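Read the structure below first, then the notes.
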There are 2 protein chains.
Amino acid sequence: MVKARSRPGAAATTGAVTLSSVAERAGVSLATASRVLHGSGGRAVGDALRARVFAAAQQLGYVSNGPAQALARASSSVVGLVVHDVADPYFSAIAAGAMRVARAHDLMVMVAATFRDPELELEYLARLRAQRARAVLLAGSGFTDPGYTSRLAAQIEGFERQGGRVALVGQHGVPADAVLPGHREGAAEAARYLWELGHRRIAVVCGPRALETVAHRLDGIREALRGLGADLAERDVVEADFTRSGGRTATLELLRRNPGVTAILALNDLMAAGALAALREERRAVPAEVSVIGFDDLPQAADLHPALTTVRLPLEEIGERALRLILEEEPGYAPRAVPVPATLVMRASTGPAPR
Amino acid sequence: MVKARSRPGAAATTGAVTLSSVAERAGVSLATASRVLHGSGGRAVGDALRARVFAAAQQLGYVSNGPAQALARASSSVVGLVVHDVADPYFSAIAAGAMRVARAHDLMVMVAATFRDPELELEYLARLRAQRARAVLLAGSGFTDPGYTSRLAAQIEGFERQGGRVALVGQHGVPADAVLPGHREGAAEAARYLWELGHRRIAVVCGPRALETVAHRLDGIREALRGLGADLAERDVVEADFTRSGGRTATLELLRRNPGVTAILALNDLMAAGALAALREERRAVPAEVSVIGFDDLPQAADLHPALTTVRLPLEEIGERALRLILEEEPGYAPRAVPVPATLVMRASTGPAPR
DNA sequence: CTGTTAGCGCTTTCAA
DNA sequence: TTGAAAGCGCTAACAG
């Protein structure tokens, strides 16, 4: 018995429209059809054949097979984007920037959400590697854990050896191209601003310290206060989830522990929103009794009540720059680092310290 | 001269670690290595060989080649998600739900943002088809344009013929499995609520009417008012971008056109935020002078000032249900439609009509 | 349980 | 310019 699909091109019998069925229909070779339909630039094929191939493809409703192309070319047209959580506006802003760049390069974007699980981050990186992603942007802040760091470095190295490029948002303690948001400086500026307003009882509502972002922002505050001759007491730093509800809980706890605070630095805007809610519940006037500063300047920051004073980070730009770094520039001898400064945006949630 | 890579397995020389180099190293056949490393379940290979293969893969640092697998299996492990804009909380919530389901099925998610451009939507669908995505979720609301609709239907049909599954959020006027958010009913309920509060001068601030979502919500309002013996005048419907700034602009315009309005229905929460901002600028007290209702119940709705009364849509659930529909159920004879009801959430931005 | 082998659909020399 | 043919890395019969 003759096997149904023993010959190249036989697939056409099956129903699937392949390049060779297009070639056959157009009366040209497979190679020519490939050159017409996928060849870069478009030159190098006579106009007559060219037209016939297009017509055949059109009539047959040909759709190229991405995986096959990726296999033959040993490189795909997808880039990976790894975030903690797509529903977190911080990450969706970065994603928006990155996607714009991907679009400009005609690449598809594979998005993975780790929900702040380092293991998942590593796993997704491996899968992106398996998918032969051309580049990967790790937008989630690193975790300050040596074991994790070395495994991450190994994955990254493997990925790069395989021809892929990797960029990070934040310096994860591994050598790779990175965009470095001004966490430290921005936080320091916020702390100094409060100090200037006369606040002396400053507290911090922060996310998990294992997150690099959190650690850096906290450091910035600490250093700034030290520079001012003050000190941030451990009891004035309350840690919780890096979310609105974490911010609310932490603030409530803080108010219990230290009813005298006059200023709260929330390490992101989500937590700041929670802090404002808690303060409202506790009937503490903002900023008359307590001032609040956030971080990131999410779109909704200005709509909080009172409008949130915060440290602005150009998130979309960060996503753009990071992806550009690996898509538009050759790998250098040493990893590149692009600093992106943070700026203080003064609104209505801060005021002079009550006396 | 002997060609460097004339024999299968020769690739090992090149540096790339392939399945056959693993097999060779483990002293087993390619098939066995494949069964151990990628075979589902894991049975059917003796423990001894099994262990040797794992060891070899480990030592060599083997990473499977996704495209090659996809080609051989004629099916990939990626699903597509098409949205208007990842930075829009409406879509990022849906995306979060969908990604959770994808994760449960061990699938990667390719996200495409169309920025409300129908052409781009079609293009991405084609590319997802080329990537042999297993399923695609079109989360962006359809466009009420017949030309677009028929082309969309054609793409979807092609995609399905190819073995892929498609789900929609909203009925785009094409036959495909869909999750149908209660736009109409939710909007109607909001309108009736305002009516009960005594409002008789109700206006609508809406996004582009070419969007199905907008059209349906608007219809719901219109019908509800008609049912109450009232009518929504064209001059009381102001159209703008489906964003915060669109909401602000439209509200300003509305206030100029019709200073007497006592209630504003904004067709999404983003626009409602803009409406509140505009009202604040114009020194109109909310809800004492003007009541405002939004739509979606984004996480930030409760933090607006005053806290926004809005129509809640369980967005993450919508994303989940939609993806489940095509990942967990066999295609039916007819397209399925899963209705998801909207519910009114009463907060502080609405109150009795002033007299 | 294990190995052989024929493709999957496309790209890319190499020759003509 | 165009075509022939050799893979890309992996899966899945099929045969032992």
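In this text, all values refer to a predicted model and were calculated from it rather than measured experimentally. Order of the sequence lines fixes the chain letters, A, B, ..., with proteins taken first and strands second; residue numbering starts at 1 for each chain.
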Here the distance between atom P of C/dT11 and atom NE2 of A/H38, to the nearest Å, is 5 Å
Of the listed D/dT2, D/dC10, C/dC10, the closest approach to the B/L19 side chain comes from D/dC10
Residue set satisfying side chain to side chain donor-acceptor pair (under 3.5 Å) with B/T114, at least two apart, ordered chain then number -> B/H84
query: Heavy atoms under 4.0 Å, any strand shown: does A/A74 hit a base, just sugar-phosphate, or nothing?
result: nothing
ask   = Short question: side chain of B/R134, backbone of B/V78 - any donor-acceptor pair under 3.5 Å?
value = no
To the nearest angstrom, the CD-P distance between A/E24 and C/dG9 comes to 13 Å
When rounded to whole Å, the CG to C1' distance for the pair A/L71 and C/dG9 reads 9 Å
What's B/L30 touching, base or sugar-phosphate or nothing? Going by heavy atoms closer than 4.0 Å. base
Item to complete: Give a yes or no on whether the backbone of A/A33 and the side-chain of A/H38 come within a donor-acceptor separation of less than 3.5 Å.
Response: no
Of the candidates D/dC8, D/dT11, C/dT12, the side chain of A/S34 sits closest to C/dT12
Nearest-nucleotide check on DNA chain C, B/T32 vs B/R132; residue mapping nearer the 5' end is B/T32
B/L37 atom CG is separated from C/dT2 atom P, nearest whole Å, by 14 Å
Contacts of B/Y62 meeting ring pair (Phe, Tyr, Trp, His ring centres under 6.0 Å) (sequence neighbours excluded), chain-then-number -> none
*So, does the side chain of B/R35 form a donor-acceptor pair with the base of C/dG3 at under 3.5 Å?*
yes
A/Q69 has its side chain closest, among C/dG9, C/dG3, C/dT11, to C/dT11
Whole-Å distance, B/R73 CZ to C/dG9 P, equals 16 Å
Of the candidates C/dT11, C/dT12, C/dT4, the side chain of A/A31 sits closest to C/dT12
Close side-chain approach of B/R165 to B/L327, heavy-atom, < 4.5 Å: no
Ranking C/dG3, C/dC10, D/dT11 by distance to the side chain of A/Y62, first place goes to C/dC10
Among D/dG3, C/dT4, D/dT11, the one nearest any side-chain atom of B/S29 is C/dT4
